[in-house]
Peer 1: 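One structure follows; several queries about it will come next.
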Amino acid sequence: MLDQAVKNSGLEGIFEDHLSTDRVRVFKPDPRAYGMAMGAFGLRKEEIAFAAFGGWDAVGAKWFGYPTFWVNRAHVAAEELGAVPDGAGKDLNDLATFVQARH
């Protein structure tokens with residue numbers, strides 16, 4: 001499904017790798033789902049900016065320890081989950097601003 005979504009969006013060849021929870025056979029917010037990025041890219045948590053379109057997913061990544069950004073395209077209210085992402089915005093331009101500000 002993920003491979004087809006990348007192909008249909010015209011983003012083939014843009015990303016080195018994309019990850020799916022199918023690899024670790026768990027569902028988010030299981031920590032193994034978030035942890036696979038560190039192994040796949042050889043990075044520490046602090047070096048990864050985790051962007052999510054679901055607020056709950058951004059919070060799950062925050063609980064795991066990633067710097068997080070919620071791309072709130074639908075402009076919905078945040079769920080009350082006991083944590084908030086490090087940043088939020090309406091689109092990927094806002095995400096780019098967040099990532100640039102962290103460097």
Peer 1: What distance separates Arg32 CZ from Arg25 CZ, expressed to the nearest 0.5 Å?
Peer 2: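 Answer rounded to 0.5 Å: 12.0 Å.
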Peer 1: Looking only at non-hydrogen atoms, find the nearest pair between Trp70 and Ala58 and report the distance.
Peer 2: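 Where Trp70 meets Ala58 most closely, the heavy atoms are CB-CB, 4.1 Å.
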Peer 1: Working to the nearest 0.5 angstrom, can you tell me the gap between Asp86 CG and Tyr66 OH?
Peer 2: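 Answer for the CG-OH pair, Asp86 versus Tyr66, is 13.5 Å.
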Peer 1: Kindly compute the distance separating CD (Glu46) from CZ (Arg102), expressed to the nearest 0.5 Å.
Peer 2: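 The CZ atom of Arg102 is 9.5 Å from CD of Glu46, to the nearest 0.5 Å.
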Peer 1: Under a single-linkage definition using a 4.5 Å side-chain heavy-atom cutoff for Ile, Leu, Val, Met, Phe, Trp and Tyr, are Leu43 and Phe69 assigned to the same hydrophobic cluster?
Peer 2: no
Peer 1: Same cluster or not: are Trp63 and Val24 linked, directly or through other Ile, Leu, Val, Met, Phe, Trp or Tyr residues, by side-chain heavy atoms under 4.5 angstrom apart?
Peer 2: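 Yes; tracing contacts between hydrophobic side chains, which count when under 4.5 Å, links both residues.
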Peer 1: Check whether Met38 and Val99 end up in the same hydrophobic cluster, where Ile, Leu, Val, Met, Phe, Trp and Tyr are linked by side-chain heavy atoms less than 4.5 Å apart.
Peer 2: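 In one cluster with Met38: Val99, no.
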Peer 1: Out of curiosity, Phe64 CZ to Tyr34 OH, how far, rounded to the nearest 0.5 Å?
Peer 2: 10.0 Å
Peer 1: Could you walk me through whether Lys62 and Val84 satisfy the side-chain contact (heavy atoms from CB on, under 4.5 Å) test, starting with their C-alpha distance in whole Å, then the side-chain angles of each, then the deciding distance to 0.1 Å, before giving a yes or no?
Peer 2: CA-CA 7 Å; Lys62 179 72 176 173; Val84 295; over 6 Å; no
Peer 1: Where is the tightest heavy-atom contact between Ser20 and Met36, given as atom of each residue plus distance?
Peer 2: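 In this case the closest contact between Ser20 and Met36 is O-CE, 3.3 Å.
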Peer 1: Do you know which two heavy atoms are closest between Phe41 and Leu19, and how far apart they sit?
Peer 2: CE1-CD1, 3.8 Å
Peer 1: Might you point out which heavy atoms bring Ala33 and Lys28 nearest each other, and give the distance in Å?
Peer 2: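 Of all heavy-atom pairs spanning Ala33 and Lys28, the closest is CB-CG, 3.7 Å.
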Peer 1: Could you check Val71 against Leu92 for side-chain contact (heavy atoms from CB on, under 4.5 Å), going step by step and ending with a plain yes or no?
Peer 2: CA-CA 7 Å; Val71 183; Leu92 295 179; 4.2 Å; yes
Peer 1: Does Phe53 share a hydrophobic cluster with Phe98, counting links as ILVMFWY side-chain heavy atoms below 4.5 Å and allowing steps through other members?
Peer 2: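 Linked, Phe53 and Phe98 end up in one cluster.
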Peer 1: What is the minimum heavy-atom distance between Ala83 and Val59, and which atoms define it?
Peer 2: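 Shortest heavy-atom contact: O-CG2, 3.5 Å.
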Peer 1: Of the non-hydrogen atoms in Thr68 and Pro85, which two are nearest, and what is the gap between them?
Peer 2: OG1-CA, 3.2 Å
Peer 1: Atom CG of Asn72 and atom CG of Asp91: how far apart are they, to the nearest 0.5 Å?
Peer 2: 11.0 Å
